[in-house]
Amino acid sequence: MQRRGFLLLALLALLALTDAVAKKKDKVKKGGPGSECAEWTWGPCTPSSKDCGVGFREGTCGAQTQRVRCRVPCNWKKEFGADCKYKFESWGTCDGGTGTKARQGTLKKARYNAQCQETIRVTKPCTPKTKAKAKAKKGKGKD
């Protein structure tokens, strides 16, 4: 009899706990961005210090203004912004005249209504071939 009472009490406690968690989630949804207003306009993520890391993004909708936490990756490309996500092709061959290689990216996703270019072209310096040989030699040697 005591075991049945204990199980019933445990079941009621679990039910009360899940109900409290569900109510908390509803409050977060009601107060979150876009709840009362359908057309939020979000600005860029501005890092709190330096040019990358944790920062804030301001959003406006009519007379409402909200600030949400955001993060700018430290390896982002400033030319096209952290909110524009691209799908890139493989790197092309090295151009001997400029000493660079290039690849093209097509827009995959624009976050927070960012103004993004449909296609972009990025370049980077060609790596010297001596590095590849040095790495190959490094693995050999211990017999």
Side-chain angles (χ1 to χ4, degrees), residues 3-4 6-143:
R3 188 181 293 171
R4 186 187 289 173
F6 179 73
L7 287 174
L8 184 60
L9 183 63
L11 182 63
L12 286 173
L14 183 64
L15 185 62
L17 183 65
T18 55
D19 188 43
V21 170
K23 284 182 181 178
K24 188 175 181 180
K25 283 186 180 178
D26 286 344
K27 283 184 183 178
V28 170
K29 285 182 184 175
K30 288 178 186 172
S35 59
E36 296 96 25
C37 194
E39 293 295 320
W40 280 91
T41 305
W42 295 96
C45 182
T46 307
S48 299
S49 63
K50 298 186 182 178
D51 62 348
C52 65
V54 177
F56 291 94
R57 178 187 312 275
E58 287 198 1
T60 57
C61 183
Q64 298 178 3
T65 303
Q66 287 191 353
R67 279 180 84 186
V68 293
R69 285 178 49 115
C70 61
R71 186 176 181 284
V72 176
C74 289
N75 62 349
W76 69 302
K77 307 294 184 230
K78 292 181 184 177
E79 305 94 53
F80 49 87
D83 292 329
C84 302
K85 304 296 179 192
Y86 292 92
K87 172 92 172 136
F88 285 96
E89 301 170 348
S90 299
W91 286 103
T93 58
C94 185
D95 181 2
T98 61
T100 60
K101 51 184 167 181
R103 68 178 176 174
Q104 188 168 331
T106 55
L107 183 65
K108 183 170 69 171
K109 185 178 186 180
R111 299 173 51 206
Y112 294 99
N113 301 328
Q115 300 297 317
C116 302
Q117 300 174 33
E118 283 296 318
T119 59
I120 59 169
R121 182 177 165 84
V122 292
T123 60
K124 74 174 185 177
C126 298
T127 55
K129 291 184 180 183
T130 56
K131 282 186 179 179
K133 289 180 182 176
K135 285 183 181 177
K137 287 181 182 178
K138 202 175 199 179
K140 298 177 183 176
K142 290 188 178 181
D143 291 326

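In this structure Thr106 satisfies the side chain to side chain contact (heavy atoms under 4.5 Å, CB included) test together with Lys87, Thr119, sequence neighbours excluded. Under the side chain to side chain contact (heavy atoms under 4.5 Å, CB included) criterion, Thr60 pairs with Thr41, Thr65, sequence neighbours left out. For Thr100, the side chain to side chain donor-acceptor pair (under 3.5 Å) criterion is met by Thr98, not counting sequence neighbours. Residues that satisfy the side chain to side chain contact (heavy atoms under 4.5 Å, CB included) test with Cys94, not counting sequence neighbours, are Cys126. For Phe56, there are no ring-ring contact (aromatic ring centres under 6.0 Å, His included) partners at least two apart in sequence or on another chain.
Separation of atoms CD (Gln64) and CH2 (Trp40) is listed at 4.5 Å; rounding is to 0.5 Å. Atom NZ of Lys85 sits about 9.5 Å away from atom SG of Cys116, to the nearest 0.5 Å. To the nearest 0.5 Å, atoms CZ (Arg71) and OG (Ser48) are separated by 12.0 Å. Atom CD of Gln104 and atom CD1 of Ile120 lie 9.0 Å apart (nearest 0.5 Å). A distance of 10.5 Å separates NZ in Lys101 from OG in Ser90, rounded to the nearest 0.5 Å.
The shortest heavy-atom contact between Val72 and Pro47 is CG2-CG, 3.9 Å. Taking both residues in full, the closest heavy atoms of Val122 and Trp91 are given as O-CZ3, 3.7 Å, listed atom of the first, atom of the second, then distance. When all heavy atoms are compared, the tightest approach of Cys70 to Arg57 is SG-N, 3.8 Å. Taking each heavy atom of Glu89 and Arg103 in turn, the nearest pair found is O-CD, 3.2 Å.
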Give the C-alpha distance, both sets of side-chain angles, the deciding distance and a yes or no for side chain to side chain contact (heavy atoms under 4.5 Å, CB included) between Trp42 and Asp83. CA-CA 11 Å; Trp42 295 96; Asp83 292 329; over 6 Å; no
Side chain to side chain contact (heavy atoms under 4.5 Å, CB included) evaluation trace for Gln117 with Tyr86: CA-CA 10 Å; Gln117 300 174 33; Tyr86 292 92; 3.9 Å; yes
